[in-house]
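Given the structure is predicted, the values throughout are model-derived calculations rather than measurements. Naming: A, B, ... by sequence-line order, numbering from 1 per chain.
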Amino acid sequence: MTHKVLVYAEVRNGKLKSTAGETLAEARKMLAGKSENLHAVLLGEGCEQHAKTLATFGASKIYVVDTPDTNTYQGEPTIQALTQIIQKNGYTVVVGPASPTGRDFFPRLSIRNKGAMLTDVVGFSLDGDSVVSDIPMYLGKCAKQAVSAASITFVTLRPNVRPSEIVDANAQANVEKFSVEFDRAKITSKVVEVRKGAGERPDLTEANIIISGGRAIASKDNFKILFECADAVHGSVGASRAAVDSGYAPYEMQVGQTGKTVNPGLYVACGISGSIQHLSGMRTSKCIVAINTDVDAPIFQKADFGIVADLFQAVPILTREFKKLME
Amino acid sequence: MKILVLAKHVPDTETVIKISGGGKTIDESDFKYMVNPCDEYAMEEAIRTQDKHKGESVVVSVGPARAQETIRKALAMGLDRGVWINTEGYSGGLDSYSVALAISKVVAEEKPDVIFAGLNTIDEGAGNVGPMVAEFAGMPSLVNISKLEWQNEGKSVRAERDVESGIVEIYEAKTPLLIAPHQNLNDPRFPSLPGIMKAKKKPIAEKKAADLITDKPKVEVRTYKLPPEKAPGKIFKGKPVEEMVTEVVKLLRSEAKVI
Ligand SMILES: Cc1cc2nc3c(=O)[nH]c(=O)nc-3n(C[C@H](O)[C@H](O)[C@H](O)COP(=O)(O)OP(=O)(O)OC[C@H]3O[C@@H](n4cnc5c(N)ncnc54)[C@H](O)[C@@H]3O)c2cc1C
Ligand SMILES: Cc1cc2nc3c(=O)[nH]c(=O)nc-3n(C[C@H](O)[C@H](O)[C@H](O)COP(=O)(O)OP(=O)(O)OC[C@H]3O[C@@H](n4cnc5c(N)ncnc54)[C@H](O)[C@@H]3O)c2cc1C
């Protein structure tokens, strides 16, 4: 059989998320580099502006659903739109990002379409006709290889596990406008307001560099030195739960079991001891640097590079050296 | 108001994972278990909701006999009764789909106005089960809720969902609905001694997973593996901070190539 793949390309605040390129690249790899059965979908008014970018990533057809119902994500309308596209066109694999939004509706989408759900995978491929995937579990202490036993498979790919790939920089977008017939009786929940974040730094789940602070930061004000450090390398700032619970940082910055799962190229843990709950949110980072005064802190066992030092001395030097590199 | 809570009995956070059977199974012989941490927020919110709106609260757990410990804890915190979906003797595989399917049968019977679920579990941790149960029941699911206001005498809610980077989506939704709290929504209470005593007399109904799971699982696990051992890192100590930091930054570029 030939698989037909639909990729949900997430748009937030009018911007295409970097996960669009990553999911298309992984899906294309699954299709042995062929693009004819690799399609993508964009939702929201004005989203067509991103079609060209998706085409350069190898999407040979791009559905555009530009109704106001999908301008902001609110669950049900997105599920109805995707379900209609899937059922009209016979997709067998549907891929999205394991972002807060993707993880919110993919499980529902899988049930509505009687499919298998492979959640937060770090890679997927075909074994014969079956979709197989690697999925971390037990807070990242082990992983399972899971295989879909259904005729349609839904997959969310963890952000940052692989790079995007430009297949053809000059590709033209083959756009198909899709008009959705909403079943409004089913929409019993609506977003009435969206409070925007500061938005000047990349989302934690997509950031390539994260500078994180723990209890040792000791005040909200002191987080400034981490922001300065992150800004030097266009990174983001994370926090341990102890820092969040103490009021030094808002919840949105929390990394770990009950916060965000992040996967950056570089994770710098400053004054973080390395509890299992924290590690579960950042252990797949490609490179971990720990700065801690306690040589026995468990974080050093997971660190690629450790610096036994006072973070208030070390971080400003780190910022200065980062700035030098970026010049 | 009828309130349902979904709670799972999971291996303790500190559990060491050993793989056996040539990668086919996880050796659970040394496991200790506990209530899935996120589910305690669900239990607490259920109790607070019931304090306000009266009615009845029911906790459901799918698992072998030990799952009753999680149910007991919920009853000790203050929920009224339990439903245990017994997986012993059930021979099919259990994926999120089959667990949600089993729970959905209880939902159809109990007809709750609101279901509280955890955000995710610390074992499999997919965060699938809550939204899947809601989908089976045809109700909306509001996940990662940091603020919740009941309106219209408990017929609708206004709820704040933390997305990321400080983005908050504010939902208005009608019951029935499912809510998965996040850690800031409440502070779960510890069961009191009288609570623990009372819980012993509260009823737990048993249902057989085999009767409720009327379909095959959609996901099968082939193998388990441990993450690759990381080579020990380079730890710098006892030198001037200036020297250690500049050395590490050099290595980040030349060796790790991450900057
Ligand atoms: C259900 C549950 C869920 C949880 N979820 C999360 C989660 O999502 N994320 C999370 O992070 N935690 C979570 N936790 C909490 C977790 O168990 C730890 O308590 C927490 O991660 C500790 O944060 P910390 O490392 O900042 O603080 P601590 O453990 O107190 O560590 C502070 C570290 O700073 C070092 N230090 C002190 N002064 C300095 C200095 N001047 N310079 C450098 N280093 C210094 C100390 O040596 C120490 O190692 C959860 C816990 C539970 C029970
Ligand atoms: C070979 C194998 C054998 C397994 N055997 C068992 C078994 O015997 N018993 C078992 O329970 N699981 C078993 N599991 C795990 C089962 O697959 C998961 O429970 C299921 O996939 C739920 O997904 P999750 O843990 O990712 O929960 P999530 O989707 O992360 O859970 C989200 C929320 O849903 C609710 N929830 C999840 N699971 C349950 C539950 N079991 N009961 C009540 N509420 C729940 C909780 O509120 C939870 O916070 C087995 C898995 C495999 C692979």
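Counting heavy-atom pairs closer than 4.5 Å to chain A, the top-ranked of the candidates Glu124(B), Lys250(B), His182(B) is His182(B). Contact count against chain B (heavy-atom pairs under 4.5 Å) is highest for Ala314(A) among Pro202(A), Ala314(A), Gly259(A). Ranking Glu220(B), Met244(B), Lys237(B), Lys230(B) against chain A, the residue ahead of the rest is Glu220(B), based on heavy-atom pairs under 4.5 Å. Listed options Val194(A), Leu325(A), Thr72(A) were ranked by heavy-atom pairs under 4.5 angstrom with chain B; first place goes to Leu325(A). For the options Leu119(B), Leu251(B), Thr121(B), heavy-atom pairs under 4.5 Å to chain A are most numerous at Leu251(B). The greatest number of non-hydrogen atom pairs below 4.5 Å with chain B, out of Gln257(A), Glu76(A), Glu321(A), Lys141(A), is found for Lys141(A). Looking only at heavy-atom pairs under 4.5 Å with chain A, the residue among Gly166(B), Ser96(B), Gly125(B), Gly233(B) that has the most is Gly166(B).
Side-chain atoms of Glu44(B) come within 3.5 Å of backbone N or O of Arg189(B) as a donor-acceptor pair. Checked by atom type and distance alone, the side chain of Asp27(B) never pairs as donor or acceptor with a backbone atom of Lys18(B) at under 3.5 Å. The backbone N or O of Ser98(B) lies less than 3.5 Å from a partner atom in the side chain of Asp95(B), making a donor-acceptor pair.
For a residue to count as touching a neighbouring chain, one of its non-hydrogen atoms must lie under 4.5 Å from one of that chain's; by this rule Gln74(A) touches chain B with backbone and side chain alike. Looking at Asp215(B), there are no atoms closer than 4.5 Å to chain A (heavy atoms on both sides), in backbone or side chain. In this structure, chain A has heavy atoms under 4.5 Å from both the backbone and the side chain of Val245(B). Using a 4.5 Å cut-off between heavy atoms, Asn292(A) does not touch chain B at all. With a 4.5 Å cut-off on non-hydrogen atoms, Ile26(B) touches chain A through its side chain but not through its backbone. Contact of Ser141(B) with chain A is made through backbone and side chain together, with heavy-atom distances under 4.5 Å. Looking at Asn208(A), there are no atoms closer than 4.5 Å to chain B (heavy atoms on both sides), in backbone or side chain. Only the side chain of Asp162(B) comes within contact range of chain A, with heavy atoms under 4.5 Å apart. For Thr223(B), the parts lying under 4.5 angstrom from a heavy atom of chain A are both the backbone and the side chain. Contacts between Glu14(B) and chain A at a heavy-atom distance below 4.5 Å involve backbone atoms as well as side-chain atoms. Heavy atoms closer than 4.5 Å to chain A are found in the side chain of Pro11(B), but not in its backbone. In this structure, chain B has a heavy atom under 4.5 Å from the backbone of Ser285(A), while its side chain stays farther away. With a threshold of 4.5 angstrom between heavy atoms, Lys196(A) approaches chain B through N, CA, C or O but not through any side-chain atom. Contacts of Leu139(A) with chain B are made by both backbone and side-chain atoms, with heavy-atom separations under 4.5 Å. Heavy-atom distances place no part of Ala180(B) under 4.5 Å from chain A, backbone and side chain included. For Ile17(B), the part lying under 4.5 angstrom from a heavy atom of chain A is the side chain only. Contact of Asn184(B) with chain A is made through the side chain alone, with heavy-atom distances under 4.5 Å. With a 4.5 angstrom heavy-atom cutoff, Leu142(B) touches chain A only via side-chain atoms. Looking at Asn120(B), only its side chain comes within 4.5 Å of chain A, counting heavy atoms on both sides.
Applying the 6.0 Å contact sphere to NZ of Lys174(B) captures no more than 12 heavy atoms from other residues, nucleotides or ligands. Heavy-atom neighbours of Lys286(A) NZ from other residues, nucleotides or ligands within 6.0 Å: above the threshold of 12. More than 12 heavy atoms of other residues, nucleotides or ligands shown are found within 6.0 angstrom of NZ on Lys2(B). For Lys324(A), the NZ atom is densely surrounded, since the number of other residues' heavy atoms within 6.0 Å is greater than 12.
Electrostatic pairing of Arg103(A) and Asp120(A) counts as a salt bridge here, judged by a charged N lying under 4.0 Å from a carboxylate O. We find that Lys15(A) and Asp203(A) are not joined by a salt bridge, their nearest charged nitrogen and carboxylate oxygen being 4.0 Å or further apart.
Within the model, atoms CD of Glu40(B) and OG1 of Thr70(B) stand 8.5 Å from one another, a figure rounded to the nearest 0.5 Å. Rounding to the nearest 0.5 angstrom, the gap separating the CD1 atom in Ile103(B) from the CD1 atom in Ile115(B) is 8.5 Å. The distance from atom CD of Glu135(B) to atom OG of Ser110(A), rounded to the nearest 0.5 Å, is 8.0 Å. For the atom pair Phe116(B) CZ and Ile3(B) CD1, the distance stands at 6.0 Å (nearest 0.5 Å). Here the CZ-OG distance, from Phe124(A) to Ser148(A), works out to 12.5 Å after rounding to the nearest 0.5 Å.
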Might you work through the side-chain hydrogen bond (donor to acceptor under 3.5 Å, both in side chains) test for Lys17(A) and Thr101(A), ending with a clear yes or no? CA-CA 11 Å; Lys17(A) 304 264 268 172; Thr101(A) 301; over 6 Å; no
